[in-house]
Every structure is written in structure tokens, then in C-alpha cells.
Engineer: 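Provided herewith is a single structure, encoded as C-alpha cells, for subsequent inquiry.
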Amino acid sequence: MTVPRTDGQVPVAIEELAEWQRALRAQFPIITAHPELAYLDSAATAQKPQAVLDAVHTYLTTTNANAGRGTYTWANRTTALVEEARDRVKLFLGDPAPGRSTVHFTSGTTEGLRGVARDWLPWLLTDGDEIVVPVADHEANIAPWLETQRELAGQGVHIRVRPMPYQAASGDYDHTALAELAGPRTRFVAVSHVHHVYGADMNVHRIRRAVGPDAVICLDAAQSVGHLPVSVADLDVDFVLFSGHKAMALPGTGVVWARRARGPEFAPGGWAGTPNTVGIASLTAALDWLDAAGTDRIERWTVALAARLTEGLRGLDAYEVLGCQASLAADSPVQRRQGIVTLRHHAIDSSDLGFILFSHGFMVRSDQHCQGGAGEKTGSVRVSLHVHNTVEEVDRLLTVLASLG
């Protein structure tokens with residue numbers, strides 16, 4: 001399938017980055033070992049480059065120990081590794097005032113969000129306050145805030161939950177409606193950076209203007225960190241949470257970046273216990289790799305591939321592409337999808353379509369994708385792309401989808 005050349009648009013990005021992409025693809029052992037398969041599920045978990053695997057092996061064979069209170073070299077090196085990783089996260093996020101922020105390691109984004117909701121948010125809120133919740137985003141960024149509301153109500157503190165307004169046509173946040181919704185009692189706003197179903201950058205940089213200077217903004221960056229540049233200086237948010245495994249580190253490693261600006265300092269409750277030291281070692285290596293690759297170029301590549309995919313899908317009447325319909329064309333001036341394209345076949349169940357695609361060598365996600373109650377009610381197939389994916393894989397996927405009628 002050929003997409004016409006449009007200067008400044010999709011084909012140009014693909015041509016300019018082709019050699020760079022081939023060199024990076026070669027660094028993923030699991031990808032190069034299975035050329036017959038196309039891994040299209042990076043929104044669920046990312047594959048790991050050799051540099052991350054090497055860092056894990058090196059740590060486990062030279063340094064492995066518990067952090068803190070050790071009187072020997074391995075323990076001291078591990079303690080230093082954990083502290084250096086905190087600084088590395090701040091650097092990666094473009095933290096302009098690292099002395100005024102903290103980094104806490106969790107098992108992932110979900111645990112981090114629950115920690116903010118359980119251990120920090122109740123101290124911010126008083127009776128009559130309001131919080132804004134993104135009811136069509138990932139359930140992990142909805143349920144914790146509702147749990148906090150219920151727990152506070154049991155203590156006689158009544159909090160009003162305001163649903164985040166969305167644009168009906170695109171699924172993006174409606175920043176104008178949000179500005180009208182926010183008021184002097186709006187204390188906390190939960191948002192997602194990139195939507196895990198629609199693939200849209202949710203324009204979080206507009207949230208601060210909409211809600212004012214005093215509201216706390218908590219950013220679920222699970223689908224953006226490792227996929228595009230993330231700058232806490234530009235976004236002006238108070239919390240950034242992400243999962244290491246979606247950013248090419250090992251599973252079980254998550255991050256809560258917290259800025260001491262609005263409300264009390266964030267301190268996770270309970271006894272911290274042993275950190276996931278090998279996961280933290282892998283995270284540092286992953287952030288180093290991503291910086292060297294260039295998250296700006298990774299974004300250009302995955303956006304270009306996603307646009308090539310939607311360009312092909314809009315010519316297949318049997319399919320519906322979820323999210324903004326104005327952004328399907330490869331040369332659309334409307335903001336396009338960040339490497340995530342979710343679709344339905346009008347006659348084939350999404351689970352069946354997932355099995356059919358795997359029989360042709362494509363690994364995709366097929367379900368409702370843990371979307372909140374205000375989101376999609378019918379299952380769909382999600383294709384999520386990363387730097388190791390190729391034009392040939394996208395074109396082959398389109399050929400198979402077209403053959404299904």
C-alpha cells in the first residue's frame with residue numbers, strides 16, 4: 001500500500017528516519033529472533049533493547065544486594081544505584097527544580113495512583129471540595145479517586161467528584177468546558193497524557209490554564225514516558241506517574257514523581273520494604289537508551305506509522321477506527337495518534353479478530369482495554385506501535401485486514 005508523499009507529513013518522516021530506525025530495531029533481541037512476528041502491543045508492555053538486558057545481567061552478576069544499612073561494597077553500590085536512579089528520573093522528565101521534587105519507586109502506575117489517592121489526597125481535601133476525574137480514561141486513573149471519596153464520606157468529609165468533560169467527536173478533553181467547570185473548590189484534577197484507547201495526546205499543557213494556578217494536577221504518563229518527550233516544566237503538573245515496563249525497563253518498576261508546590265509533601269504510607277533493585281537498575285538503563293535514541297524521533301516514527309495505518313483503514317468500509325475521525329488521513333492537519341490505533345470490524349468480534357490476526361503473525365490487544373465507565377462499551381482491537389515496528393509490518397497488517405472484508 002502506497003501513501004502519496006506529502007512534504008512535512010508522514011512519508012517524509014518515514015524516509016528521514018529509516019536508517020535510524022533500522023539500527024534501533026536491530027537492538028531488540030526478541031524482535032530480531034522472530035522476524036515472522038509483528039509485536040503490536042507496546043501499549044501493554046514494551047520490549048527491551050539489549051542495553052537494558054545487559055544492565056540487568058551486569059547488576060545481578062556484580063552488585064546484587066539490598067539497599068540501605070549495608071556495610072559492604074555491594075550493598076553500598078546498590079544504595080547509590082537507587083539514589084542515582086531518582087536523579088536520573090528527574091533529569092529524564094526535565095525537572096527544572098530537582099531540589100523541590102521527590103521520586104518514589106512503586107510496582108507500576110496503578111500502585112502509584114492508589115498511593116497518591118490513599119496516602120496524600122485525603123490530607124489535601126476538606127468538606128465541600130471538588131475533584132475532577134477522567135471517567136473515560138483507564139480505570140486505574142478513576143477507581144482510586146472514587147475510593148478516596150467513599151472513604152472520606154465515611155469520616156464525614158463529603159467530596160464532590162466532577163467528571164472530566166470530553167469532546168464528543170474526538171474523545172479529547174474539552175478544555176473550554178473544563179475551564180467553565182473548575183471553580184474555587186476544585187482542588188485536584190486527574191488526567192492522562194496519552195489516551196490508551198484513542199491514542200490522542202490529551203493536550204495536558206492546556207489543563208493548567210483551564211483549572212487555574214492552585215489546583216493539583218496528577219498526570220498518568222503510562223502511555224507517554226518512553227514514547228514521546230515528557231517535560232514537567234512545560235506541563236506544570238504536580239504528579240507524574242509511569243510504569244517502567246512500558247518504557248523498556250523490567251516489569252514491577254513504577255515511578256511517582258511529586259513536586260512540592262501545592263499541598264503537603266507526598267510520602268507513601270507504611271513500611272517501604274525492599275525496593276525492586278534490579279528493576280530500578282533496568283529503569284536507569286532504559287532511560288539512558290531512550291535519551292540516546294531520542295524520544296522526539298521515537299514519537300515522529302510511531303506517529304508516522306499510526307498515520308499510515310489510519311490512512312489505509314479509512315479506505316476499508318468494514319472497519320471503524322475509534323477516536324477522532326478528522327485525523328485519519330496521512331496528511332491531516334489535525335493532531336494524529338501517538339502510535340496507538342484502535343479499531344473494530346463491523347461483523348467480526350474483536351476477540352475473534354485478535355486470534356485471526358495472530359494466525360497471520362500479528363500480536364495485538366483485543367478487549368475493552370480497561371476503559372472507564374464513560375468510555376467504549378464494546379470490545380475492540382488495539383494496535384500499538386513502537387520504534388522497532390516497520391512500514392512493512394503496517395502494510396502487511398492492512399493487507400490482512402483488507403482480506404477479511
Engineer: CG of D317: more than 12 outside heavy atoms within 6.0 angstrom?
Structural biologist: no
Engineer: Could you tell me if the side chain of R336 sits less than 4.5 Å from the side chain of E311, heavy atoms only?
Structural biologist: no
Engineer: Do you see a donor-acceptor pair shorter than 3.5 Å between the side chains of T106 and H104?
Structural biologist: no
Engineer: With the side chain counted from C-beta on, respond yes when P134 and Y166 share a heavy-atom pair under 4.5 Å apart, and no when they do not.
Structural biologist: yes
Engineer: Does a sphere of radius 6.0 Å around CG in L60 hold more than 12 heavy atoms from other residues, nucleotides or ligands, not counting ones at 6.0 Å or beyond?
Structural biologist: yes
Engineer: Once you round to the nearest 0.5 Å, how far does CG of L353 lie from CG of L404?
Structural biologist: 6.5 Å
Engineer: So, does Q368 use its side chain to make a donor-acceptor pair with the main chain of K377 at under 3.5 Å?
Structural biologist: yes
Engineer: Have Q338 and E299 got a donor and an acceptor in their side chains that come within less than 3.5 Å?
Structural biologist: yes
Engineer: What is the distance from atom CD of Q27 to atom CG of L53, rounded to the nearest 0.5 Å?
Structural biologist: 11.0 Å
Engineer: Is the shortest side-chain N to carboxylate O distance from E83 to R86 below 4.0 Å?
Structural biologist: yes
Engineer: Just so I know, are the side chains of F242 and V230 near enough to count as touching, which here means a heavy-atom distance under 4.5 Å?
Structural biologist: no
Engineer: Parallel, tilted or perpendicular: which describes the rings of W20 and W301, with under 30° parallel and over 60° perpendicular?
Structural biologist: perpendicular
Engineer: Between W145 and N141, do the side chains contain a donor N or O and an acceptor N or O under 3.5 Å apart?
Structural biologist: yes
Engineer: Quick one, R382 and V197 - any side-chain contact, counting heavy atoms below 4.5 Å?
Structural biologist: no
Engineer: Tell me if a side-chain donor or acceptor on Q167 pairs with a main-chain N or O of Y173 at a distance below 3.5 Å.
Structural biologist: yes
Engineer: Do the side chain of T295 and the main chain of L290 share a donor and acceptor less than 3.5 angstrom apart?
Structural biologist: no
Engineer: Measure the spacing between CD of E84 and OG1 of T284 and express it to the nearest 0.5 Å.
Structural biologist: 8.0 Å
Engineer: Is S192 reaching over with its side chain to a backbone N or O of H195, donor-acceptor style, under 3.5 angstrom?
Structural biologist: no
Engineer: Please check: side-chain N/O of S231 versus main-chain N/O of G94, any donor-acceptor pairing under 3.5 Å?
Structural biologist: no
Engineer: Strictly below 4.0 Å, N to O, side chains only: are D395 and R308 in salt-bridge contact?
Structural biologist: yes
Engineer: Verify whether one side chain among H193 and S224 offers a donor that lies under 3.5 Å from an acceptor in the other.
Structural biologist: yes
Engineer: Is there a donor-acceptor contact under 3.5 Å linking the side chains of D129 and T126?
Structural biologist: yes
Engineer: Charged N to carboxylate O under 4.0 angstrom, R259 versus D236?
Structural biologist: yes
Engineer: State whether R185 and E130 are salt-bridged, where the test is any N-O pair (Lys NZ or Arg NE/NH1/NH2 against Asp/Glu carboxylate O) under 4.0 Å.
Structural biologist: no
Engineer: Using the test ring pair (Phe, Tyr, Trp, His ring centres under 6.0 Å), find all partners of F362 that sit at least two apart in sequence or belong to another chain.
Structural biologist: none
Engineer: Would a 4.5 Å heavy-atom cut-off, applied to side chains only, mark V189 and M164 as touching?
Structural biologist: yes
Engineer: Parallel, tilted or perpendicular, judged at 30° and 60°: which one describes the rings of H196 and H138?
Structural biologist: tilted
Engineer: Counting only N and O atoms by type, is there a donor-acceptor contact under 3.5 Å from the side chain of W257 to the main-chain atoms of K90?
Structural biologist: no
Engineer: Measuring only between side-chain heavy atoms, which start at C-beta, is I159 closer than 4.5 Å to I131?
Structural biologist: yes
Engineer: Could you check whether any side-chain N or O of D174 sits under 3.5 Å from a backbone N or O of P165, counting only pairs where one atom can act as donor and the other as acceptor?
Structural biologist: no
Engineer: Does a side chain donor of either R365 or S384 reach within less than 3.5 Å of an acceptor in the other side chain?
Structural biologist: no
Engineer: Name the orientation class of the two ring planes belonging to H388 and Y39 (parallel below 30°, tilted from 30 to 60°, perpendicular beyond 60°).
Structural biologist: tilted
Engineer: Salt bridge check, R208 against D238: does any charged N sit closer than 4.0 Å to a carboxylate O?
Structural biologist: yes
Engineer: Heavy-atom count around R209 CZ within 6.0 Å, excluding the residue itself: above 12?
Structural biologist: no
Engineer: Look up atom CG in D54 and atom OG in S282, then write down how far apart they are to the nearest 0.5 Å.
Structural biologist: 12.5 Å
Engineer: Where the side chain of R344 meets the backbone of L322, is there a donor-acceptor pair that is under 3.5 Å apart?
Structural biologist: no
Engineer: Near R314 CZ, under 6.0 Å, is it more than 12 heavy atoms from other residues, nucleotides or ligands?
Structural biologist: yes
Engineer: So do the side chains of H369 and T342 get within less than 4.5 Å of each other, counting heavy atoms only?
Structural biologist: yes
Engineer: Taking the side chain as every heavy atom from C-beta outward, state whether D172 and M202 have any atom pair closer than 4.5 Å.
Structural biologist: yes
Engineer: For the residue pair S243 and T109, confirm or rule out a side-chain donor-acceptor distance under 3.5 Å.
Structural biologist: yes
Engineer: Strictly distance-based, threshold 3.5 Å: is any side-chain N or O of R77 a donor or acceptor partner for the main-chain N or O of T62?
Structural biologist: yes
Engineer: Is it true that, when you exclude R262 itself, more than 12 heavy atoms of the residues, nucleotides or ligands shown sit nearer than 6.0 Å to its CZ?
Structural biologist: yes
